[in-house]
A.B. asks: 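One structure, as structure tokens, below. Some questions next.
Hydrogens, waters and symmetry mates play no part in the numbers below; they use all other heavy atoms, side chains included. First listed ligand is number 1; within each ligand, the first listed atom is number 1.
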Amino acid sequence: MLQDQDVLERRDERLEAMNFLNQISDDYPDAISFASGRPAESFFDLGRWIERVPAFAERHGSRAGLSVRHGFDSLAQYGRTNGLINDLISRQLMIDEGIRCAAEHIVVTAGCQEALDLLVPILCPSAGDVILACSPSYIGITGVAARHKTELLPFSRHGGRSIVASLTQTIEHARTHGKQARVLYLVPDFDNPTGAVLSLDERTSIIELCAEMGIIILEDNPYGMFCFEGTRLPTMFSLDRYGCVIYLGTYSKTICPALRVGFAALPPALCHADSNLSVLGKLSRAKSFVSVNTSQLAQAVVGALLLDAGCSLTRHVSPATGHYRGNRDCMLASLSSTFAYCGDQVSWNEPKGGFFLIVDLPFSFLRAQAMACARDHGVLVMPLSFFAFDDEHDNRIRLAFSNVTHDAIRDGVARLGRFVQTQLAAR
Ligand SMILES: Cc1ncc(COP(=O)(O)O)c(C=O)c1O
């Protein structure tokens, strides 16, 4: 159980996690990094993608009755706040995700992060409105909650606890303290940081619970397309019959992060206004004051790629998915051989997709250990405490396997093994 002071220190540590990561990367530039979940650069092909932009500009121009030249001019102008490529995204959602969402119900944002940042104050407008998020959770939602001074109430999936029971308890806890849970933030597919996937039962029960409680689910799905084995489960958005799920998408991992193109897809129930502005209307209005519109040049690159690929990125991501699968396998094999000597003292999960896996260690691995590991052994990893709201995850670390070579994986895991050995010997 954490004391109040510890809770505050941990909150600051979570908010500083990205700076910490940048700082140790700068301090130990030769260290092997399993710390950041960057997509593999070997699949970036910006030159070729940009070559496709004229075809997009031509389509864009001809739809507006413009010449190619004026199509380009109009791309270079200020654009529609809600986005330029909504029809292509809508088609891609149908083909790749089985999601039915009208183009008019999509708002294109500067990455998924902007969608989160705009939606939280809209969905949690009053004092006492709280966000529910799993402990551990992606740092981006922690930062957004802190920025808007919205309280974030964590629930746990650790130790075999049922997610629905844990959520119900947290919602009740909020209520008895005079607070209202308004938003539930989730990464149901290949979660960051845990790599976990929510089962179909969990997805449907969570939707039922949230619909009953008037809670909006923010379904964040950057990694769903990187599925290594088995069949993908339906998104929560496509399972939702109540209009309580907003789907957040991004092209940061499937194409490249520099584009800063993501989107929010809203259910019809949140798009129709009665007396007040709808959530869609509020989102659009907020965006018009924050970033005016998402860069049309960046949208044109995404649009060109979608046009070229018949509005499906399945084939486009297939080589990268194979690469990430190979990296995961290499990391699992390296962990098995490195830690064979310590029996079940060190264990790890085997994610079925995404960029991350979790290692459980027999000692606390916090900021100080991350520093020592980088300094003395030349390997960077992320303590799970950076993503957690309690001390349940102090013995765990996140390893990202997305942007490293097999040699670096083998070498980096061996280095981690030497760090673990020194810690075990010192006990
Ligand atoms: C779970 C999750 N959501 C959102 C993002 C950010 O996405 P974007 O680059 O579209 O802002 C990330 C990036 O790592 C992520 O892991």
A.B. asks: My understanding is that only residues two or more places apart in sequence, or in another chain, count here; which of them pass side-chain hydrogen bond (donor to acceptor under 3.5 Å, both in side chains) with T194?
C.D. replies: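 By the side-chain hydrogen bond (donor to acceptor under 3.5 Å, both in side chains) rule, T194 matches D191.
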A.B. asks: Step by step, would you call D189 with K352 a salt bridge (Lys or Arg N to Asp or Glu O under 4.0 Å)?
C.D. replies: CA-CA 9 Å; D189 290 294; K352 304 275 184 281; over 6 Å; no
A.B. asks: Is the shortest heavy-atom distance from the side chain of Q299 to the side chain of V108 under 4.5 Å?
C.D. replies: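 Yes, at least one pair of side-chain atoms sits under 4.5 Å.
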A.B. asks: Hey, what's the ring geometry for H173 with H177, parallel, tilted or perpendicular (30° and 60° as the breaks)?
C.D. replies: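 Ring orientation of H173 relative to H177: tilted.
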A.B. asks: Taking side-chain hydrogen bond (donor to acceptor under 3.5 Å, both in side chains) as the test, write out the residues that go with Q296, two or more places apart.
C.D. replies: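 If we apply the side-chain hydrogen bond (donor to acceptor under 3.5 Å, both in side chains) test to Q296, skipping adjacent residues, there are no hits.
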A.B. asks: Can you list every protein residue that has a heavy atom under 4.0 Å from any atom of ligand 1, sorted by chain and residue number?
C.D. replies: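 Lining ligand 1 at under 4.0 Å, by heavy atoms, one finds G111, C112, Q113, Y138, Y185, V187, N192, D220, P222, Y223, T250, S252, K253, R260.
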A.B. asks: Using side-chain hydrogen bond (donor to acceptor under 3.5 Å, both in side chains) as the criterion, list what pairs up with S312, not counting sequence neighbours.
C.D. replies: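 For S312, the residues satisfying side-chain hydrogen bond (donor to acceptor under 3.5 Å, both in side chains) (neighbours in sequence not counted) are D96, T314.
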